[in-house]
Amino acid sequence: MIGTLGSLLPAPLVAAVGQVGEGFFHERSSDTLPCQAQPGHLFCFDWAREHIDRFEKPALQQLELVVLSVLLGFVVAFALALIAHRKHWLRPPLLAVTGVLYTIPSIAFFFLLLPLTGFGRDTAIIVLAAYTLQIIYRNTMVGLAKVPASVKDAARGMGLTDRQILWRVEIPLATPEIIAGLRIATVSTVAIATLAVFIQAGGLGTQIYGSGNLTFPTVVIIAGAIGMLMAFAFDLMLLGVQRLTTPWRRAVVT
Amino acid sequence: MPEARAADDTRSQPSASSVRYDGVSKRYGDSATVAVDDLTLEVPAGDICVLVGPSGCGKTTAMRMVNRTVEMTEGDILIGERSVRDREPAQLRREIGYVIQQIGLFPHRTITQNIGAVPQLLGWKKERIRARSAELLELIGLDPELGDRYPTQLSGGQQQRVGVARALAADPLVMLMDEPFGAIDPINRERLQNEFLRLQAQVRKTVLFVTHDIDEAIKMGDRIAVMREHGRVEQYATPAELLMAPATEFVEDFVGADRALKRLALMRVADINLWEAPLAYVGQATGEVRAKLARPDVEVPYALLVDSERRPLGWLSARDLTGDTVPARADSPLGPVLDRDDIMRDALADLLQGEAQYAPVTDHEGRIDGVLSVEIISEFLASPEAKSDEHSAVERPHSGENLA
């Protein structure tokens with residue numbers, strides 16, 4: 001999984017960062033002192049060019065964390081939403097539970113799980129997935145609630161079974177809201193995943209918080225930029241999916 | 001009635017079934033709330049039966065129990081010979097067309113896909129669905145190009161036409177229509193009503209049609225069930241019977257004080273005894289015409305100028321008849337000319353609008369048939385003869401091409 005994803009996305013991202021840096025900071029790199037040694041130097045291109053490789057593995061890890069946790073979160077939240085859609089009495093408690101999960105401070109959440117699942121990727125994915133539940137669950141519920149009663153009535157009257165109404169009518173019509181939820185969840189997960197470093201799950205956080213890098217901004221900037229690009233790419237991709245799956249929303253009213 | 005129609009039905013197989021309510025009740029909760037109480041009603045195959053009544057009278061509930069979107073608590077409903085209770089609800093519904101006021105087209109499906117929804121559920125082949133959709137688009141008079149559009153791209157009237165087409169797609173035995181034209185503006189509503197009647201003349205479905213509008217009921221129904229609370233049927237009759245002999249005070253009130261006028265909507269000009277106008281042919285000797293006018297039993301005091309084919313040209317004044325022969329042109333304009341098949345209500349409107357007391361009535365070739373006057377209509381409305389059903393046996397919607 002890591003291999004296939006890695007070969008698809010992060011390499012161009014990393015390269016893109018390198019290209020942006022080149023033109024911008026070329027002048028400073030000609031100083032006699034290596035810029036790493038100059039305090040207060042914002043961005044050191046020489047260093048960046050030499051060390052860009054070291055971001056590849058953290059970026060891949062980050063990507064893996066985001067993809068797996070959003071997928072897990074989506075499966076769980078979507079399933080919860082479908083259950084709550086049928087059993088109305090489950091709605092308040094589910095909203096409360098996912099809401100409480102969402103309010104736990106992230107680092108605390110990581111450490112709370114340590115005794116149960118230990119250090120590493122799995123713990124990170126569980127925590128990150130838990131954070132996506134609230135948004136995906138709530139957006140799915142909103143999307144399902146927005147399906148007009150008349151459309152459901154007509155569907156039922158025409159002889160669609162409850163299951164057919166759900167999968168052929170309600171879910172397709174709720175798709176815009178569901179994907180909107182996924183977009184928010186994914187973007188915020190990219191950000192929170194940088195904290196996974198504290199439970200030794202890797203990711204871009206290793207470059208930001210790891211080994212005293214905070215005193216050397218170049219590393220933080222590159223890691224941050226990769227994170228931003230990653231979030232942006234995910235958002236754009238999901239927007240594309242949304243548009244492809246809902247052609248009727250773009251139909252021009254004449 | 002259905003037997004008589006079957007004779008000129010060109011379809012090879014029966015495509016409509018009778019619907020029979022047999023002591024049907026619907027109670028909610030601990031039988032405290034009774035929506036429909038012991039309803040018994042039979043709708044012959046191929047008829048439009050309108051359930052009409054004030055809101056909350058249970059008419060929609062009564063209709064919805066047919067396709068089991070509301071489950072009855074007692075009694076039985078038979079479609080043809082089969083009880084709906086024995087059927088799996090989803091399967092049953094696929095054989096019953098369903099049209100609702102809010103239309104409920106699938107916003108995420110194209111018009112073609114919407115129309116093909118039930119055939120798709122029934123497992124028809126793609127080609128057949130596509131052909132059927134195209135056929136129905138044509139039947140409801142929509143441009144085939146609209147087939148690839150989404151519902152939001154259509155007007156309300158067009159959407160409801162698609163709603164009707166979708167209900168007809170799998171050639172259902174029965175159609176349920178719940179205030180189908182209620183949300184459409186008055187002008188388009190009338191057009192849609194006429195179109196549906198024309199459509200019905202071709203497809204001849206058994207239709208249960210719910211409305212709270214008595215005028216719509218009279219226009220659309222072969223039979224009308226006037227309901228009051230708990231689905232109690234106050235009267236179940238043809239529109240003419242309902243207007244002429246309301247069974248109860250409730251029906252009388254519901255039908256309204258203007259029911260005499262409403263009766264005219266059920267009649268055609270040909271159904272009434274017209275007056276005979278003294279005819280004057282171009283070139284005829286005026287003496288003959290004057291003699292006709294002088295007869296004591298003359299019904300119309302003016303001579304009607306006609307050509308050699310007996311097509312009316314105008315009304316002759318006394319001055320026109322002073323010469324030796326009848327002139328080729330009349331002094332007074334012809335005014336409104338009516339067709340034998342005009343609806344009486346429209347004919348009266350034409351008379352009033354044209355400020356005419358008399359109007360010539362012509363047949364399909366435009367030849368004079370007689371003269372209709374305001375007096376004939378008012379006498380008809382006042383006469384006991386009007387109370388007899390026989391006289392106004394207007395062809396109901398099945399010959400609806402002239403209702404438009």
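Computed from a prediction, not measured in an experiment: that's the story for all the values here. Per chain, numbering begins at 1; letters A, B, ... match sequence-line order.
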Under a 4.5 Å heavy-atom cut-off, does chain A meet the side chain of [X], its backbone, both or neither?
X	value
B:Leu122	neither
B:Arg166	side chain
B:Leu92	neither
B:Leu176	neither

Checklist entry - Looking only at heavy atoms, what is the nearest atom pair of B:Gly156 and B:Ile103, with distance? => result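 The answer is O-CD1, 3.9 Å.
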Checklist entry - Closest approach of B:Phe181 and B:Arg189, non-hydrogen atoms and distance? => result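 Scanning both residues, the minimum pair turns out to be O-NE, 3.3 Å.
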Item to check | Heavy-atom donor-acceptor pair, A:Gln164 side chain to A:Thr161 backbone, under 3.5 Å | outcome: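 A pair under 3.5 Å: yes.
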Checklist entry - Between B:Arg64, B:Gln91, B:Arg68, which residue shows the highest count of heavy-atom pairs closer than 4.5 Å to chain A? => result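 Greatest number of close heavy-atom pairs with chain A: B:Arg64.
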Checklist entry - Counting heavy-atom pairs under 4.5 Å to chain A, which of B:Leu121, B:Asn67, B:Val118 comes out on top? => result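 Heavy-atom pair counts peak at B:Leu121.
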Checklist entry - Picking from A:Asp162, A:Val147, A:Leu173, which has the most non-hydrogen pairs under 4.5 angstrom with chain B? => result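 Result: the option with the highest number of such pairs is A:Leu173.
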Next on the checklist: Distance to the ring centre below 6.0 angstrom and angle to the axis at most 45 degrees; does that hold for A:Lys57 and A:Phe55?
Outcome noted: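 No, A:Lys57 and A:Phe55 do not form such a contact.
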Checklist entry - Do A:Tyr131 and A:Phe109 pass the ring-ring contact (aromatic ring centres under 6.0 Å, His included) test, and can you show the C-alpha distance, the side-chain angles, and the key distance before you say yes or no? => result CA-CA 10 Å; A:Tyr131 281 122; A:Phe109 204 162; 5.5 Å; yes
Checklist entry - Is it the side chain or the backbone of A:Arg249 that comes within 4.5 Å of chain B heavy atoms, both, or neither? => result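 Contact with chain B: none, neither part.
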Item to check | Toward chain B, the part of A:Ala149 with a non-hydrogen atom under 4.5 Å | outcome: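 For A:Ala149, no heavy atom lies under 4.5 Å from chain B.
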Item to check | Ion pair check, B:Arg132 and B:Glu135, cut-off under 4.0 Å | outcome: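 Yes, charged N to carboxylate O under 4.0 Å.
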Item to check | Candidates A:Val127, A:Ile107, A:Leu128 - the one meeting side chain to side chain contact (heavy atoms under 4.5 Å, CB included) with A:Leu195 | outcome: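 Among A:Val127, A:Ile107, A:Leu128, the one meeting side chain to side chain contact (heavy atoms under 4.5 Å, CB included) with A:Leu195 is A:Ile107.
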